[in-house]
Amino acid sequence: MITITIACPAAMIADANQLARVLGYGPEDDQTYGAASWQDAGGNLYAVASGPVGEEFPAAAASPLVSPPWDADMAAAARAQALIRVWTEDQPITASPDHIAVVIGDDARAALAVLGVTQVPEEDEA
Amino acid sequence: MLGLGYGIASPFIFRSVWTPASQFYPTGTGLLILPNRRETLFQDAAGTIPAMSPGDPVGLARDLSGGGNHASQATALSKPRLGRHPASGLRNRANGAQAVDTVAWGSGGVSNGLTYTKVGTGTEGGVPYVDIRMTGTATASQHAVGWSSANSRIPMTSGFAVASVTARVIAGAPPTGATQNGIRLQVFELDAAFAILTTGASNSITSSVDTTITLSRGAMAVGVAYTSAFLILEGGATEVIDVTYRIKGLQFEIGSTPTALQHNLSPYDITEAVYADVWYLSMDGVDDHMQTQSVIWGTDESTVIMAMAPAQTSTQYCPFRFAPTGSPGSGFVKSASGIMSATVGSTVAAYAPAPTPVNGTAEVYAFTSKIQTPALNLRRNGALVATSYASQGAGIYADGVMSVGSWNGPFLMSGRIYGLMAINRNLTPTEIIRAEQYMARLAGVTLT
(Lines give C-alpha, C1' and ligand atoms only; values in the text may rest on other atoms or scores of the structure.)
Protein backbone atom coordinates (compact mmCIF):
# COMPACT_ATOMS: atom_id res chain seq x y z
CA MET A 1 0.00 0.00 0.00
CA ILE A 2 1.00 3.61 -0.48
CA THR A 3 -0.08 6.66 1.45
CA ILE A 4 -1.69 9.63 -0.25
CA THR A 5 -2.53 13.03 1.18
CA ILE A 6 -5.02 15.26 -0.58
CA ALA A 7 -5.99 18.91 -0.24
CA CYS A 8 -9.41 19.53 -1.73
CA PRO A 9 -10.67 23.11 -2.18
CA ALA A 10 -13.85 23.84 -0.26
CA ALA A 11 -15.84 24.40 -3.44
CA MET A 12 -14.96 20.95 -4.74
CA ILE A 13 -15.70 18.87 -1.65
CA ALA A 14 -19.00 17.48 -2.92
CA ASP A 15 -17.52 16.45 -6.27
CA ALA A 16 -14.39 15.05 -4.65
CA ASN A 17 -16.47 12.94 -2.30
CA GLN A 18 -18.24 11.46 -5.30
CA LEU A 19 -14.86 10.64 -6.82
CA ALA A 20 -13.85 8.98 -3.56
CA ARG A 21 -17.10 7.02 -3.67
CA VAL A 22 -16.23 5.81 -7.17
CA LEU A 23 -12.58 4.97 -6.48
CA GLY A 24 -13.05 3.83 -2.91
CA TYR A 25 -13.92 0.59 -1.23
CA GLY A 26 -17.53 1.36 -0.33
CA PRO A 27 -20.24 4.00 -0.28
CA GLU A 28 -18.91 5.27 3.05
CA ASP A 29 -15.96 6.72 1.18
CA ASP A 30 -18.14 9.67 0.17
CA GLN A 31 -17.32 10.92 3.66
CA THR A 32 -13.63 11.22 2.79
CA TYR A 33 -13.61 15.01 2.74
CA GLY A 34 -15.17 16.61 5.77
CA ALA A 35 -15.09 20.19 6.92
CA ALA A 36 -12.84 22.65 5.09
CA SER A 37 -10.73 23.24 8.16
CA TRP A 38 -7.36 23.83 6.51
CA GLN A 39 -6.19 26.98 4.77
CA ASP A 40 -3.42 28.17 2.51
CA ALA A 41 -1.43 31.35 2.94
CA GLY A 42 -4.12 33.26 1.07
CA GLY A 43 -6.86 32.10 3.40
CA ASN A 44 -8.43 29.73 0.88
CA LEU A 45 -10.09 26.80 2.62
CA TYR A 46 -9.56 23.10 2.01
CA ALA A 47 -10.69 19.74 3.28
CA VAL A 48 -7.83 17.31 3.65
CA ALA A 49 -7.64 13.57 3.72
CA SER A 50 -4.80 11.14 4.10
CA GLY A 51 -4.47 7.40 4.23
CA PRO A 52 -3.46 4.14 2.62
CA VAL A 53 -4.53 3.15 -0.85
CA GLY A 54 -3.52 0.32 -3.15
CA GLU A 55 -0.41 0.63 -5.30
CA GLU A 56 -2.70 0.81 -8.31
CA PHE A 57 -4.49 3.89 -7.05
CA PRO A 58 -2.54 6.57 -8.99
CA ALA A 59 -3.18 4.77 -12.28
CA ALA A 60 -6.80 4.09 -11.40
CA ALA A 61 -7.37 7.70 -10.46
CA ALA A 62 -6.16 8.80 -13.88
CA SER A 63 -8.09 6.18 -15.84
CA PRO A 64 -11.65 6.38 -17.17
CA LEU A 65 -14.01 6.05 -14.25
CA VAL A 66 -16.10 2.92 -13.84
CA SER A 67 -19.39 2.99 -11.94
CA PRO A 68 -19.04 1.23 -8.61
CA PRO A 69 -21.52 -1.45 -7.46
CA TRP A 70 -23.13 1.23 -5.31
CA ASP A 71 -24.59 4.32 -6.95
CA ALA A 72 -22.52 7.46 -7.46
CA ASP A 73 -22.75 10.77 -9.27
CA MET A 74 -20.39 9.95 -12.12
CA ALA A 75 -20.55 13.45 -13.60
CA ALA A 76 -19.46 14.98 -10.32
CA ALA A 77 -16.72 12.38 -9.95
CA ALA A 78 -15.45 13.16 -13.44
CA ARG A 79 -15.37 16.88 -12.66
CA ALA A 80 -13.23 16.18 -9.61
CA GLN A 81 -10.97 13.76 -11.47
CA ALA A 82 -10.20 16.40 -14.07
CA LEU A 83 -8.86 18.69 -11.37
CA ILE A 84 -6.41 16.26 -9.74
CA ARG A 85 -2.76 17.29 -9.73
CA VAL A 86 -0.06 15.05 -8.24
CA TRP A 87 3.03 16.50 -6.56
CA THR A 88 6.35 15.29 -7.91
CA GLU A 89 9.89 16.46 -7.32
CA ASP A 90 10.03 17.57 -10.94
CA GLN A 91 6.66 19.31 -10.83
CA PRO A 92 5.97 20.39 -7.26
CA ILE A 93 2.58 21.89 -6.61
CA THR A 94 0.89 23.57 -3.69
CA ALA A 95 -2.75 23.57 -2.70
CA SER A 96 -4.80 25.88 -4.87
CA PRO A 97 -8.51 26.68 -5.25
CA ASP A 98 -8.39 25.49 -8.84
CA HIS A 99 -7.12 21.94 -8.34
CA ILE A 100 -7.19 18.96 -6.02
CA ALA A 101 -3.60 18.48 -4.89
CA VAL A 102 -2.26 15.01 -4.13
CA VAL A 103 1.04 14.03 -2.49
CA ILE A 104 2.21 10.43 -2.37
CA GLY A 105 4.33 9.75 0.70
CA ASP A 106 4.20 8.24 4.14
CA ASP A 107 4.28 11.39 6.25
CA ALA A 108 0.88 13.01 5.99
CA ARG A 109 1.66 16.11 7.98
CA ALA A 110 4.83 16.67 6.00
CA ALA A 111 2.77 16.33 2.84
CA LEU A 112 0.42 19.02 4.03
CA ALA A 113 3.37 21.26 4.78
CA VAL A 114 4.59 20.76 1.23
CA LEU A 115 1.15 21.68 -0.06
CA GLY A 116 1.28 24.83 2.04
CA VAL A 117 -1.84 24.32 4.13
CA THR A 118 -2.25 24.70 7.85
CA GLN A 119 -5.09 23.92 10.17
CA VAL A 120 -7.58 26.70 10.82
CA PRO A 121 -7.42 27.21 14.59
CA GLU A 122 -10.27 25.29 16.15
CA GLU A 123 -12.52 26.50 18.91
CA ASP A 124 -11.30 24.99 22.15
CA GLU A 125 -14.05 22.71 23.40
CA ALA A 126 -12.09 21.56 26.40
CA MET B 1 -5.67 -37.88 42.62
CA LEU B 2 -2.94 -36.08 40.72
CA GLY B 3 -0.52 -36.05 43.56
CA LEU B 4 0.87 -32.62 42.71
CA GLY B 5 0.71 -31.46 46.28
CA TYR B 6 -1.58 -28.48 45.66
CA GLY B 7 -2.94 -27.80 49.12
CA ILE B 8 -5.88 -25.59 49.90
CA ALA B 9 -3.64 -22.56 50.29
CA SER B 10 -1.80 -23.10 47.05
CA PRO B 11 -1.39 -19.86 45.13
CA PHE B 12 -1.65 -21.87 41.93
CA ILE B 13 -5.31 -22.48 42.70
CA PHE B 14 -6.51 -19.31 44.36
CA ARG B 15 -4.46 -16.51 42.84
CA SER B 16 -6.70 -14.78 40.32
CA VAL B 17 -5.14 -13.46 37.14
CA TRP B 18 -5.40 -9.70 36.73
CA THR B 19 -6.46 -8.59 33.30
CA PRO B 20 -7.76 -5.24 32.12
CA ALA B 21 -10.90 -6.98 30.87
CA SER B 22 -11.62 -8.36 34.33
CA GLN B 23 -11.99 -4.80 35.63
CA PHE B 24 -15.22 -4.50 33.69
CA TYR B 25 -16.75 -7.49 35.42
CA PRO B 26 -19.60 -7.64 36.34
CA THR B 27 -21.14 -4.25 35.52
CA GLY B 28 -18.45 -1.95 34.20
CA THR B 29 -19.08 0.00 31.03
CA GLY B 30 -16.52 1.55 28.76
CA LEU B 31 -13.98 0.57 26.17
CA LEU B 32 -10.91 -1.63 26.03
CA ILE B 33 -8.77 -1.61 22.88
CA LEU B 34 -5.55 -3.57 22.72
CA PRO B 35 -3.82 -3.43 19.32
CA ASN B 36 -1.47 -6.25 20.30
CA ARG B 37 -4.54 -8.48 20.26
CA ARG B 38 -4.56 -8.42 16.48
CA GLU B 39 -7.33 -10.97 16.25
CA THR B 40 -9.61 -8.16 17.44
CA LEU B 41 -8.68 -5.83 14.56
CA PHE B 42 -10.26 -5.72 11.12
CA GLN B 43 -9.64 -3.72 7.98
CA ASP B 44 -13.31 -3.07 7.36
CA ALA B 45 -15.85 -1.60 9.73
CA ALA B 46 -18.04 -4.67 9.33
CA GLY B 47 -15.31 -6.87 10.78
CA THR B 48 -14.89 -9.34 7.93
CA ILE B 49 -11.29 -8.73 6.80
CA PRO B 50 -8.64 -9.24 9.50
CA ALA B 51 -6.04 -6.55 10.06
CA MET B 52 -3.01 -8.61 11.00
CA SER B 53 -0.03 -7.17 9.16
CA PRO B 54 1.91 -3.97 9.73
CA GLY B 55 0.46 -1.24 7.55
CA ASP B 56 -3.01 -2.72 7.35
CA PRO B 57 -5.81 -0.16 7.71
CA VAL B 58 -7.93 -0.70 10.80
CA GLY B 59 -11.64 -0.12 10.30
CA LEU B 60 -12.77 -1.97 13.40
CA ALA B 61 -11.16 -2.47 16.80
CA ARG B 62 -13.26 -4.79 18.86
CA ASP B 63 -14.00 -3.75 22.41
CA LEU B 64 -12.47 -6.28 24.79
CA SER B 65 -14.43 -4.98 27.77
CA GLY B 66 -17.30 -7.27 26.87
CA GLY B 67 -19.67 -4.38 26.36
CA GLY B 68 -19.66 -4.46 22.58
CA ASN B 69 -18.57 -0.84 22.26
CA HIS B 70 -16.38 -1.53 19.26
CA ALA B 71 -14.52 1.40 17.74
CA SER B 72 -14.93 1.69 14.01
CA GLN B 73 -14.22 3.85 10.98
CA ALA B 74 -15.88 3.14 7.64
CA THR B 75 -14.19 5.79 5.49
CA ALA B 76 -11.05 4.32 3.93
CA LEU B 77 -8.69 7.26 4.26
CA SER B 78 -9.78 7.96 7.85
CA LYS B 79 -8.78 4.56 9.17
CA PRO B 80 -5.73 4.30 11.40
CA ARG B 81 -3.07 1.80 10.39
CA LEU B 82 -1.66 -1.11 12.31
CA GLY B 83 2.02 -0.84 13.16
CA ARG B 84 4.74 -2.44 15.23
CA HIS B 85 8.12 -1.48 16.59
CA PRO B 86 10.50 -3.02 19.11
CA ALA B 87 9.84 -2.67 22.81
CA SER B 88 13.19 -0.87 22.91
CA GLY B 89 11.59 2.05 21.09
CA LEU B 90 11.43 3.36 17.56
CA ARG B 91 14.82 4.59 16.40
CA ASN B 92 15.54 3.64 12.79
CA ARG B 93 13.76 6.22 10.65
CA ALA B 94 15.21 4.97 7.36
CA ASN B 95 11.89 3.70 6.12
CA GLY B 96 12.23 0.61 3.99
CA ALA B 97 16.00 0.38 4.51
CA GLN B 98 15.79 -3.37 5.19
CA ALA B 99 13.03 -3.99 2.63
CA VAL B 100 15.66 -4.87 0.05
CA ASP B 101 13.25 -6.61 -2.30
CA THR B 102 10.88 -3.69 -2.59
CA VAL B 103 10.73 -0.43 -4.46
CA ALA B 104 12.37 1.25 -1.47
CA TRP B 105 15.64 0.24 -3.09
CA GLY B 106 14.44 0.60 -6.64
CA SER B 107 15.60 -1.67 -9.41
CA GLY B 108 18.36 0.51 -10.79
CA GLY B 109 18.55 3.12 -13.48
CA VAL B 110 20.83 5.19 -15.65
CA SER B 111 22.31 8.51 -14.60
CA ASN B 112 24.90 10.54 -16.52
CA GLY B 113 26.51 7.58 -18.21
CA LEU B 114 26.41 5.19 -15.28
CA THR B 115 24.06 2.25 -15.04
CA TYR B 116 22.91 1.07 -11.62
CA THR B 117 21.47 -2.40 -11.27
CA LYS B 118 20.19 -4.25 -8.25
CA VAL B 119 21.85 -7.60 -8.89
CA GLY B 120 21.10 -9.46 -5.70
CA THR B 121 19.40 -9.49 -2.34
CA GLY B 122 19.49 -11.79 0.64
CA THR B 123 20.32 -12.02 4.30
CA GLU B 124 23.77 -12.11 5.83
CA GLY B 125 24.22 -12.59 9.56
CA GLY B 126 20.53 -11.98 10.00
CA VAL B 127 20.70 -8.64 8.23
CA PRO B 128 19.09 -8.09 4.81
CA TYR B 129 21.49 -6.92 2.13
CA VAL B 130 21.25 -5.60 -1.39
CA ASP B 131 23.93 -5.90 -4.07
CA ILE B 132 24.14 -2.96 -6.45
CA ARG B 133 26.36 -2.86 -9.50
CA MET B 134 27.49 0.43 -10.98
CA THR B 135 28.91 0.32 -14.51
CA GLY B 136 29.74 2.69 -17.34
CA THR B 137 31.64 5.88 -17.94
CA ALA B 138 30.44 8.91 -16.09
CA THR B 139 29.67 11.94 -18.17
CA ALA B 140 29.35 14.39 -15.30
CA SER B 141 30.66 14.82 -11.82
CA GLN B 142 27.28 14.36 -10.13
CA HIS B 143 25.42 11.18 -10.87
CA ALA B 144 23.95 9.64 -7.83
CA VAL B 145 21.35 7.01 -7.22
CA GLY B 146 20.67 4.83 -4.26
CA TRP B 147 18.30 4.55 -1.39
CA SER B 148 16.06 7.62 -1.35
CA SER B 149 16.23 10.43 1.15
CA ALA B 150 12.47 10.85 0.80
CA ASN B 151 12.13 7.71 2.91
CA SER B 152 13.93 9.08 5.92
CA ARG B 153 12.68 12.53 6.82
CA ILE B 154 12.82 13.12 10.56
CA PRO B 155 10.98 16.21 11.80
CA MET B 156 13.43 18.10 13.99
CA THR B 157 14.61 21.63 14.53
CA SER B 158 17.64 21.02 16.72
CA GLY B 159 19.91 18.32 18.03
CA PHE B 160 21.74 15.62 16.14
CA ALA B 161 20.80 13.02 13.55
CA VAL B 162 23.10 10.24 12.47
CA ALA B 163 23.14 7.85 9.54
CA SER B 164 25.09 4.61 9.37
CA VAL B 165 25.53 1.82 6.86
CA THR B 166 27.77 -1.18 6.31
CA ALA B 167 29.07 -2.08 2.86
CA ARG B 168 31.91 -3.75 1.01
CA VAL B 169 33.09 -4.21 -2.54
CA ILE B 170 32.17 -7.70 -3.74
CA ALA B 171 33.18 -7.39 -7.40
CA GLY B 172 35.12 -5.01 -9.59
CA ALA B 173 36.99 -1.98 -8.38
CA PRO B 174 35.64 1.15 -6.74
CA PRO B 175 36.12 4.56 -8.35
CA THR B 176 39.59 5.96 -7.80
CA GLY B 177 38.83 9.66 -8.00
CA ALA B 178 37.71 11.88 -5.17
CA THR B 179 37.35 10.30 -1.74
CA GLN B 180 33.63 10.74 -1.91
CA ASN B 181 33.26 8.82 -5.16
CA GLY B 182 31.92 5.34 -4.73
CA ILE B 183 29.38 4.55 -2.03
CA ARG B 184 28.79 7.06 0.73
CA LEU B 185 26.22 8.63 2.98
CA GLN B 186 24.75 12.07 2.78
CA VAL B 187 22.66 13.81 5.43
CA PHE B 188 20.49 16.81 4.62
CA GLU B 189 18.86 19.55 6.59
CA LEU B 190 15.57 20.48 4.93
CA ASP B 191 13.05 23.26 5.36
CA ALA B 192 9.32 22.69 5.74
CA ALA B 193 8.92 22.34 1.99
CA PHE B 194 11.77 19.78 1.82
CA ALA B 195 14.16 22.24 0.17
CA ILE B 196 17.78 21.48 1.05
CA LEU B 197 19.29 24.03 3.42
CA THR B 198 22.63 22.36 3.92
CA THR B 199 24.18 18.94 3.66
CA GLY B 200 27.20 16.87 4.50
CA ALA B 201 28.73 13.71 3.08
CA SER B 202 30.81 10.86 4.40
CA ASN B 203 33.89 9.37 2.79
CA SER B 204 33.28 6.35 0.61
CA ILE B 205 33.90 2.67 1.18
CA THR B 206 36.62 1.01 -0.90
CA SER B 207 37.32 -2.14 1.11
CA SER B 208 36.32 -5.68 0.24
CA VAL B 209 35.73 -6.25 3.95
CA ASP B 210 32.57 -5.07 5.65
CA THR B 211 33.09 -1.44 6.60
CA THR B 212 30.68 0.72 8.54
CA ILE B 213 30.50 4.43 7.89
CA THR B 214 28.56 6.94 9.93
CA LEU B 215 27.64 10.54 9.36
CA SER B 216 26.02 12.87 11.86
CA ARG B 217 24.75 16.41 11.66
CA GLY B 218 24.01 18.80 14.48
CA ALA B 219 23.66 22.48 15.20
CA MET B 220 20.82 22.67 12.76
CA ALA B 221 20.49 25.53 10.29
CA VAL B 222 17.97 28.32 10.74
CA GLY B 223 14.63 27.25 9.32
CA VAL B 224 15.34 23.54 9.44
CA ALA B 225 12.23 21.40 9.75
CA TYR B 226 13.53 17.96 8.78
CA THR B 227 16.68 15.98 8.39
CA SER B 228 17.01 13.16 5.92
CA ALA B 229 19.66 10.68 4.84
CA PHE B 230 20.65 9.52 1.39
CA LEU B 231 22.82 6.60 0.29
CA ILE B 232 24.73 7.57 -2.82
CA LEU B 233 26.64 5.62 -5.44
CA GLU B 234 28.77 7.96 -7.46
CA GLY B 235 31.62 7.86 -9.94
CA GLY B 236 34.05 10.50 -11.05
CA ALA B 237 33.62 12.15 -14.45
CA THR B 238 35.13 10.25 -17.43
CA GLU B 239 36.19 7.33 -15.25
CA VAL B 240 35.33 3.85 -16.51
CA ILE B 241 33.62 2.09 -13.65
CA ASP B 242 32.45 -1.43 -12.92
CA VAL B 243 31.92 -2.15 -9.26
CA THR B 244 29.41 -4.06 -7.18
CA TYR B 245 28.74 -3.25 -3.54
CA ARG B 246 27.00 -5.30 -0.90
CA ILE B 247 25.02 -2.89 1.28
CA LYS B 248 23.29 -3.61 4.59
CA GLY B 249 22.38 -2.20 7.97
CA LEU B 250 21.29 1.24 6.84
CA GLN B 251 19.96 3.21 9.79
CA PHE B 252 19.06 6.85 10.31
CA GLU B 253 18.19 8.07 13.78
CA ILE B 254 18.17 10.92 16.23
CA GLY B 255 21.39 11.31 18.18
CA SER B 256 25.05 11.70 17.41
CA THR B 257 26.04 8.03 17.69
CA PRO B 258 24.52 5.03 15.93
CA THR B 259 22.69 2.50 18.08
CA ALA B 260 21.95 -1.17 17.56
CA LEU B 261 20.38 -1.86 14.18
CA GLN B 262 16.62 -1.95 13.91
CA HIS B 263 15.13 -3.53 10.81
CA ASN B 264 12.89 -0.97 9.15
CA LEU B 265 10.73 -2.62 6.53
CA SER B 266 8.28 0.30 6.40
CA PRO B 267 7.21 3.13 8.70
CA TYR B 268 4.77 0.65 10.23
CA ASP B 269 7.07 -2.35 10.46
CA ILE B 270 10.22 -2.00 12.53
CA THR B 271 11.80 -4.82 14.50
CA GLU B 272 14.96 -5.43 16.49
CA ALA B 273 16.74 -8.60 17.51
CA VAL B 274 16.10 -9.68 21.09
CA TYR B 275 13.29 -7.20 21.70
CA ALA B 276 9.62 -8.11 21.53
CA ASP B 277 7.33 -6.28 19.16
CA VAL B 278 4.84 -3.75 20.45
CA TRP B 279 1.76 -3.11 18.32
CA TYR B 280 -0.12 0.11 17.88
CA LEU B 281 -2.71 2.05 15.92
CA SER B 282 -1.06 4.79 13.90
CA MET B 283 -3.08 8.00 13.71
CA ASP B 284 -2.06 10.42 10.96
CA GLY B 285 -3.30 13.65 12.55
CA VAL B 286 -5.17 14.54 9.38
CA ASP B 287 -8.36 12.54 9.37
CA ASP B 288 -7.76 9.26 11.22
CA HIS B 289 -10.13 8.57 14.09
CA MET B 290 -12.59 5.96 15.31
CA GLN B 291 -15.87 6.07 17.16
CA THR B 292 -18.03 3.71 19.16
CA GLN B 293 -21.74 3.43 19.30
CA SER B 294 -23.52 5.70 21.78
CA VAL B 295 -22.76 4.44 25.24
CA ILE B 296 -24.83 4.74 28.41
CA TRP B 297 -22.12 5.74 30.88
CA GLY B 298 -24.48 5.72 33.85
CA THR B 299 -22.17 7.02 36.58
CA ASP B 300 -20.35 10.16 37.67
CA GLU B 301 -16.99 8.38 37.69
CA SER B 302 -14.40 7.58 35.08
CA THR B 303 -10.97 6.07 34.77
CA VAL B 304 -9.07 6.30 31.49
CA ILE B 305 -5.66 4.76 30.95
CA MET B 306 -3.83 5.05 27.66
CA ALA B 307 -0.46 4.05 26.32
CA MET B 308 0.34 6.38 23.48
CA ALA B 309 3.05 8.30 21.67
CA PRO B 310 1.78 11.65 20.45
CA ALA B 311 3.83 13.00 17.58
CA GLN B 312 2.47 16.53 17.53
CA THR B 313 4.38 19.37 19.01
CA SER B 314 2.35 22.41 18.10
CA THR B 315 -1.27 21.52 17.51
CA GLN B 316 -4.05 20.68 19.91
CA TYR B 317 -5.28 17.12 19.79
CA CYS B 318 -7.41 14.67 21.72
CA PRO B 319 -6.35 11.03 21.98
CA PHE B 320 -9.63 9.95 23.62
CA ARG B 321 -12.91 11.50 24.54
CA PHE B 322 -16.18 10.25 25.99
CA ALA B 323 -19.52 11.91 26.74
CA PRO B 324 -20.80 14.64 24.39
CA THR B 325 -20.26 18.35 24.45
CA GLY B 326 -22.77 20.19 26.60
CA SER B 327 -22.45 17.80 29.47
CA PRO B 328 -19.27 16.78 31.19
CA GLY B 329 -17.10 15.58 28.36
CA SER B 330 -13.75 14.12 29.10
CA GLY B 331 -10.59 13.33 27.31
CA PHE B 332 -6.93 13.91 27.12
CA VAL B 333 -6.17 17.17 25.42
CA LYS B 334 -2.84 18.65 24.64
CA SER B 335 -2.90 22.31 23.83
CA ALA B 336 -0.64 24.11 21.43
CA SER B 337 1.26 25.46 24.40
CA GLY B 338 2.35 22.01 25.44
CA ILE B 339 -0.14 21.18 28.14
CA MET B 340 -1.51 17.70 28.66
CA SER B 341 -4.80 18.03 30.44
CA ALA B 342 -7.53 15.80 31.69
CA THR B 343 -10.73 17.72 31.32
CA VAL B 344 -14.23 17.42 32.68
CA GLY B 345 -16.94 19.89 31.85
CA SER B 346 -16.25 23.18 30.18
CA THR B 347 -13.05 24.02 31.95
CA VAL B 348 -9.68 22.42 32.21
CA ALA B 349 -9.81 20.92 35.65
CA ALA B 350 -6.35 19.48 35.76
CA TYR B 351 -3.31 19.94 33.68
CA ALA B 352 0.37 19.26 33.63
CA PRO B 353 3.17 20.36 31.41
CA ALA B 354 3.91 17.56 29.05
CA PRO B 355 7.11 16.82 27.19
CA THR B 356 6.97 17.35 23.47
CA PRO B 357 9.03 14.51 22.06
CA VAL B 358 10.06 15.05 18.48
CA ASN B 359 9.30 11.56 17.37
CA GLY B 360 6.58 10.58 19.75
CA THR B 361 8.01 8.90 22.81
CA ALA B 362 5.63 6.34 24.26
CA GLU B 363 4.01 7.29 27.55
CA VAL B 364 1.26 5.99 29.80
CA TYR B 365 -1.34 8.53 30.85
CA ALA B 366 -4.14 7.90 33.29
CA PHE B 367 -6.88 10.01 34.69
CA THR B 368 -9.64 9.42 37.15
CA SER B 369 -12.55 11.73 37.74
CA LYS B 370 -15.59 11.95 39.95
CA ILE B 371 -18.18 14.64 39.40
CA GLN B 372 -20.29 14.72 42.53
CA THR B 373 -17.42 14.89 44.99
CA PRO B 374 -15.07 16.60 42.61
CA ALA B 375 -11.72 14.94 42.22
CA LEU B 376 -9.64 14.73 39.09
CA ASN B 377 -6.23 13.13 38.93
CA LEU B 378 -3.81 12.99 36.02
CA ARG B 379 -0.95 10.53 36.06
CA ARG B 380 1.94 10.16 33.67
CA ASN B 381 4.13 7.06 33.51
CA GLY B 382 2.90 5.90 36.89
CA ALA B 383 3.32 9.16 38.79
CA LEU B 384 0.62 11.61 39.85
CA VAL B 385 1.33 14.85 37.98
CA ALA B 386 -1.81 16.91 38.59
CA THR B 387 -4.86 16.97 40.82
CA SER B 388 -7.88 19.23 40.93
CA TYR B 389 -10.83 19.42 43.28
CA ALA B 390 -12.59 22.10 41.24
CA SER B 391 -16.23 21.64 40.36
CA GLN B 392 -16.83 19.37 37.41
CA GLY B 393 -20.50 20.23 37.09
CA ALA B 394 -23.33 18.08 38.35
CA GLY B 395 -25.05 14.78 37.72
CA ILE B 396 -23.57 11.90 35.85
CA TYR B 397 -21.81 11.62 32.54
CA ALA B 398 -24.11 11.95 29.56
CA ASP B 399 -24.65 9.15 27.10
CA GLY B 400 -22.79 9.43 23.82
CA VAL B 401 -20.19 8.02 21.50
CA MET B 402 -16.59 7.56 22.52
CA SER B 403 -13.95 8.93 20.15
CA VAL B 404 -10.48 7.52 19.68
CA GLY B 405 -7.95 9.91 18.17
CA SER B 406 -10.16 12.99 18.11
CA TRP B 407 -12.55 15.15 20.07
CA ASN B 408 -15.52 13.66 18.25
CA GLY B 409 -14.14 14.87 14.92
CA PRO B 410 -11.79 17.82 15.43
CA PHE B 411 -8.52 17.88 17.39
CA LEU B 412 -7.15 14.91 15.48
CA MET B 413 -4.23 13.07 16.97
CA SER B 414 -0.99 12.29 15.20
CA GLY B 415 0.91 9.46 16.82
CA ARG B 416 0.59 5.94 18.09
CA ILE B 417 -1.96 4.32 20.42
CA TYR B 418 -0.76 1.10 22.07
CA GLY B 419 -3.69 0.53 24.38
CA LEU B 420 -6.79 2.23 25.73
CA MET B 421 -8.93 1.41 28.72
CA ALA B 422 -11.88 3.55 29.75
CA ILE B 423 -14.31 2.49 32.45
CA ASN B 424 -17.23 4.11 34.25
CA ARG B 425 -15.84 3.77 37.74
CA ASN B 426 -12.82 4.92 39.68
CA LEU B 427 -10.33 2.11 39.78
CA THR B 428 -8.68 1.60 43.12
CA PRO B 429 -5.08 2.77 43.47
CA THR B 430 -3.89 -0.81 43.21
CA GLU B 431 -6.00 -1.42 40.12
CA ILE B 432 -4.68 1.74 38.50
CA ILE B 433 -1.10 0.71 39.10
CA ARG B 434 -1.76 -2.71 37.60
CA ALA B 435 -3.48 -1.16 34.61
CA GLU B 436 -0.60 1.25 34.11
CA GLN B 437 1.88 -1.60 34.33
CA TYR B 438 -0.13 -3.53 31.78
CA MET B 439 -0.27 -0.57 29.39
CA ALA B 440 3.41 0.16 29.94
CA ARG B 441 4.31 -3.33 28.76
CA LEU B 442 2.18 -2.84 25.67
CA ALA B 443 4.19 0.24 24.73
CA GLY B 444 7.65 -0.60 26.03
CA VAL B 445 7.42 2.15 28.63
CA THR B 446 9.30 2.13 31.92
CA LEU B 447 7.15 3.56 34.69
CA THR B 448 8.60 5.93 37.23
Side-chain angles (χ1 to χ4, degrees), chain A residues 1-8 16-17 20-21 23-35 37-38 41 46-55 57 87-89 92-94 102-126, chain B residues 43-46 55-57 59 73-81 95-96 103 150-151 153-155 190-195 225-226 266-268 284-288 311-312 315-316 318 321 325 329-331 333 335-336 341 343-349 351 407-412 414:
Chain A
M1 286 191 144
I2 59 174
T3 300
I4 59 171
T5 301
I6 307 163
C8 175
N17 271 327
R21 189 178 168 97
L23 296 175
Y25 301 97
E28 300 86 357
D29 286 327
D30 65 8
Q31 303 299 308
T32 294
Y33 305 98
S37 57
W38 294 69
Y46 303 85
V48 301
S50 182
V53 294
E55 305 276 352
F57 180 86
W87 185 96
T88 65
E89 290 194 4
I93 55 169
T94 58
V102 181
V103 174
I104 299 172
D106 287 319
D107 189 336
R109 297 187 78 85
L112 292 170
V114 165
L115 291 174
V117 294
T118 56
Q119 222 161 350
V120 177
E122 294 178 272
E123 196 81 6
D124 191 347
E125 294 185 55
Chain B
Q43 298 187 38
D44 58 327
D56 281 351
Q73 173 55 261
T75 302
L77 295 190
S78 299
K79 295 175 182 177
R81 297 176 78 167
N95 294 326
V103 293
N151 292 335
R153 298 187 190 107
I154 301 176
L190 311 173
D191 68 12
F194 303 155
Y226 300 91
S266 82
Y268 308 101
D284 68 8
V286 176
D287 53 2
D288 290 355
Q312 284 133 296
T315 54
Q316 194 174 39
C318 178
R321 181 241 188 171
T325 301
S330 296
V333 177
S335 77
S341 61
T343 69
V344 177
S346 59
T347 59
V348 176
Y351 64 92
W407 189 272
N408 207 20
F411 302 107
L412 291 148
S414 172

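Quick note on labels: first sequence line is chain A, next is B, and so on, each numbered from 1.
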Distance, nearest 0.5 Å, that separates [atom1] of [X] from [atom2] of [Y]:
{"X": "B:Leu412", "Y": "A:Ser50", "atom1": "CG", "atom2": "OG", "answer": "11.5 Å"}
{"X": "B:Phe194", "Y": "A:Asp107", "atom1": "CZ", "atom2": "CG", "answer": "6.5 Å"}
{"X": "A:Thr5", "Y": "B:Asp287", "atom1": "OG1", "atom2": "CG", "answer": "8.5 Å"}
{"X": "B:Leu77", "Y": "A:Tyr33", "atom1": "CG", "atom2": "OH", "answer": "6.5 Å"}

For the residue pair [X] and [Y], what are the closest heavy atoms and their distance?
{"X": "B:Ala74", "Y": "A:Asp29", "value": "O-OD1, 4.1 Å"}
{"X": "A:Ile2", "Y": "B:Arg81", "value": "O-NH1, 4.3 Å"}
{"X": "A:Ala113", "Y": "B:Tyr226", "value": "CB-OH, 4.4 Å"}
{"X": "A:Asp106", "Y": "B:Tyr268", "value": "O-OH, 4.3 Å"}

Which bit of A:Leu112 is near chain B, if near means a heavy-atom gap under 4.5 Å: side chain, backbone, both or neither?
side chain
If you count heavy-atom pairs within less than 4.5 Å of chain B, which of A:Ala49, A:Gly24, A:Pro52 leads?
A:Pro52
Quick one: of A:Val48, A:Ile4, A:Val53, who has the most non-hydrogen atom pairs under 4.5 Å with chain B?
A:Val48
Counting heavy-atom pairs under 4.5 Å with chain A, which one of B:Pro80, B:Gly55, B:Ala76, B:Ala45 comes out on top?
B:Ala76
Of the listed residues (B:Asn95, B:Asp44, B:Asp284), which shares the most heavy-atom pairs with chain A below a 4.5 Å separation?
B:Asp284
List the residues meeting salt bridge (Lys or Arg N to Asp or Glu O under 4.0 Å) with A:Asp30, not counting sequence neighbours, and say none if there are none.
A:Arg21
Quick one: does B:Pro57's side chain get under 4.5 Å of A:Met1's, heavy atoms only?
yes
Listed by chain and number, what are the side chain to side chain contact (heavy atoms under 4.5 Å, CB included) partners of B:Asp56, not counting sequence neighbours?
B:Gln43, B:Ala51, B:Ser53
